[in-house]
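Note that these values count all heavy atoms, side chains included, but never hydrogens, waters or copies made by symmetry. Keep in mind the model is a prediction, meaning the values are calculated, not measured.
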Amino acid sequence: MTDDDPDAPPPTEAANSPDFPPPPMEQQERMVEAVLFAAVSPVSIRELAQRLPMGCDPAEAVAALRRRYDGRGITLERIGDGYAFRTASDLGFLMQAETVEQRKMSRAAIETLAIIAYHQPVTRAEIEEIRGVAVSRGTLDQLIEMEWVRMGRRRMTPGRPATFVVTEAFLDHFGLESARDLPGLSELRAAGLLESRPPGEAMTMPLVERDEDDDIESDDPAEDLFEND
């Protein structure tokens, strides 16, 4: 286990000391279960190690909990570098009464978000090149305020432009462990989310018609990110 491992617990001198034996694994599982149940966001193995008594093995406790909750009404899911309890996917229909109605995102916002998700890390100039139209400040600002997009590292190129990447909140919302789990083009077409146009025709048509896009003008208000039903 290297120092670069995000799941590596911090080193402790007394971790294996016989004078301070760690709690039994069953008790460690209960501790991890309590922390994850009360957490408002996914908790990493490193964070668990910092909370548990010295000598504990949070990674093993998490693995045991995942097996224990497999097939139950709630499951322990890995989200990015952390873990969190989530409702079993096949029981989502029971939560419909608790679901807050969401406003539909505009086509410009959806395209910008999709480009970032599939091409991250990506600069604003690269987003504009792919879409074929300018990206207004409002679109990116709103995606960042929604905590679905954040700024990544700056490119080591002239001007050092900032890049954009999706967040763990985005992965959590769509039930993904990482951006590698995003559906491919064939899956999107099968779901009816992409038109099955011949490649030549798709390349000759603009991604968004100017009279349909809401972020060509840089002075558009931020609330135009959403469309009223």
Side-chain angles (χ1 to χ4, degrees), residues 2-8 10 39-47 50 77-84 102-185 187-188 193-194 202-203 205-228:
T2 66
D3 295 338
D4 296 330
D5 187 352
D7 288 347
V40 296
S41 59
V43 183
S44 68
I45 296 296
R46 176 178 290 273
E47 292 171 327
Q50 293 171 347
E77 302 290 343
R78 177 165 182 170
I79 303 168
D81 291 332
Y83 294 86
Q102 301 291 332
R103 299 177 63 187
K104 186 173 67 173
M105 293 178 64
S106 68
R107 183 175 178 181
I110 293 174
E111 289 178 354
T112 300
L113 180 61
I115 290 171
I116 294 173
Y118 281 93
H119 296 273
Q120 65 177 339
V122 61
T123 66
R124 177 172 176 167
E126 291 168 342
I127 296 172
E128 293 177 342
E129 182 179 357
I130 294 171
R131 289 194 62 217
V133 294
V135 178
S136 75
R137 293 187 302 270
T139 297
L140 286 172
D141 288 346
Q142 285 285 352
L143 290 174
I144 292 174
E145 289 176 10
M146 293 170 62
E147 298 184 351
W148 280 6
V149 169
R150 65 174 176 84
M151 294 183 65
R153 295 182 179 179
R154 291 186 176 273
R155 287 278 175 81
M156 300 302 293
T157 56
R160 299 199 63 192
T163 62
F164 298 92
V165 297
V166 294
T167 65
E168 288 190 0
F170 169 85
L171 299 176
D172 188 14
H173 182 84
F174 291 99
L176 304 172
E177 181 174 326
S178 70
R180 293 189 296 271
D181 297 323
L182 286 165
L185 291 177
E187 296 173 273
L188 293 175
L193 299 177
L194 284 181
M203 292 297 292
M205 297 182 64
L207 188 58
V208 178
E209 296 294 337
R210 286 187 172 273
D211 58 354
E212 295 179 0
D213 184 59
D214 69 339
D215 69 349
I216 295 175
E217 298 296 333
S218 60
D219 295 331
D220 284 350
E223 56 267 20
D224 283 352
L225 177 66
F226 296 98
E227 295 175 347
N228 292 326

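- With sequence neighbours excluded, no residue forms a side-chain hydrogen bond (donor to acceptor under 3.5 Å, both in side chains) with Arg150.
- Side-chain atoms of Leu182 and Tyr118, non-hydrogen and from C-beta on, do get closer than 4.5 Å to each other.
- Glu147 contributes atom CD, which lies 14.0 Å from atom CZ of Phe170 (distance to the nearest 0.5 angstrom).
- Here the shortest heavy-atom pairing between Ile116 and Val122 reads CA-CG1, 3.8 Å.
- For Gln120, the side-chain contact (heavy atoms from CB on, under 4.5 Å) test picks out Val165, Val166, Ala179, with sequence neighbours left out.
- The list of side-chain hydrogen bond (donor to acceptor under 3.5 Å, both in side chains) pairs with a residue in residues 158-171, not counting sequence neighbours, is empty.
- For Trp148 and Phe164, the distance between ring centers is not under 6.0 angstrom.
- The minimum heavy-atom distance between Ala84 and Pro42, with the atom names listed, is CB-CA, 4.1 Å.
- Applying the salt bridge (charged side-chain N to carboxylate O under 4.0 Å, His left out) test to Arg155 and every residue at least two apart in sequence or in another chain returns Glu126.
- We find the CD1-OG1 distance between Ile110 and Thr139 to be 11.5 Å, quoted to the nearest 0.5 Å.
- Interatomic distance, CD1 of Ile127 versus CG of Leu140, reported as 5.5 Å (0.5 Å rounding).
- Every residue two or more places apart in sequence or in another chain was checked for a side-chain contact (heavy atoms from CB on, under 4.5 Å) with Ser41, and none qualifies.
- Residue Glu177 places its CD atom among more than 12 non-hydrogen atoms of other residues, nucleotides or ligands, all under 6.0 Å distant.
- The side-chain contact (heavy atoms from CB on, under 4.5 Å) test applied to Ala114 returns no partner, not counting sequence neighbours.
- With hydrogens and angles ignored, the 3.5 Å screen pairs a side-chain donor or acceptor of Thr112 with a backbone N or O of Ala108.
- For Glu77, the side-chain hydrogen bond (donor to acceptor under 3.5 Å, both in side chains) test picks out Thr75, with sequence neighbours left out.
- A donor-acceptor pair under 3.5 Å is formed between the side chain of Glu47 and the backbone N or O of Ser44.
- Atom CD of residue Glu129 and atom CD1 of residue Ile115 lie 10.5 Å apart, to the nearest 0.5 angstrom.
- Considering only residues two or more places apart in sequence or on other chains, Glu128 meets the salt bridge (charged side-chain N to carboxylate O under 4.0 Å, His left out) condition with Arg124.
- One distance of note links OG of Ser178 with CD1 of Ile79; it measures 12.0 Å at 0.5 Å rounding.
- Here the side chain of Arg107 pairs no donor or acceptor atom with the backbone of Ala109 at under 3.5 angstrom.
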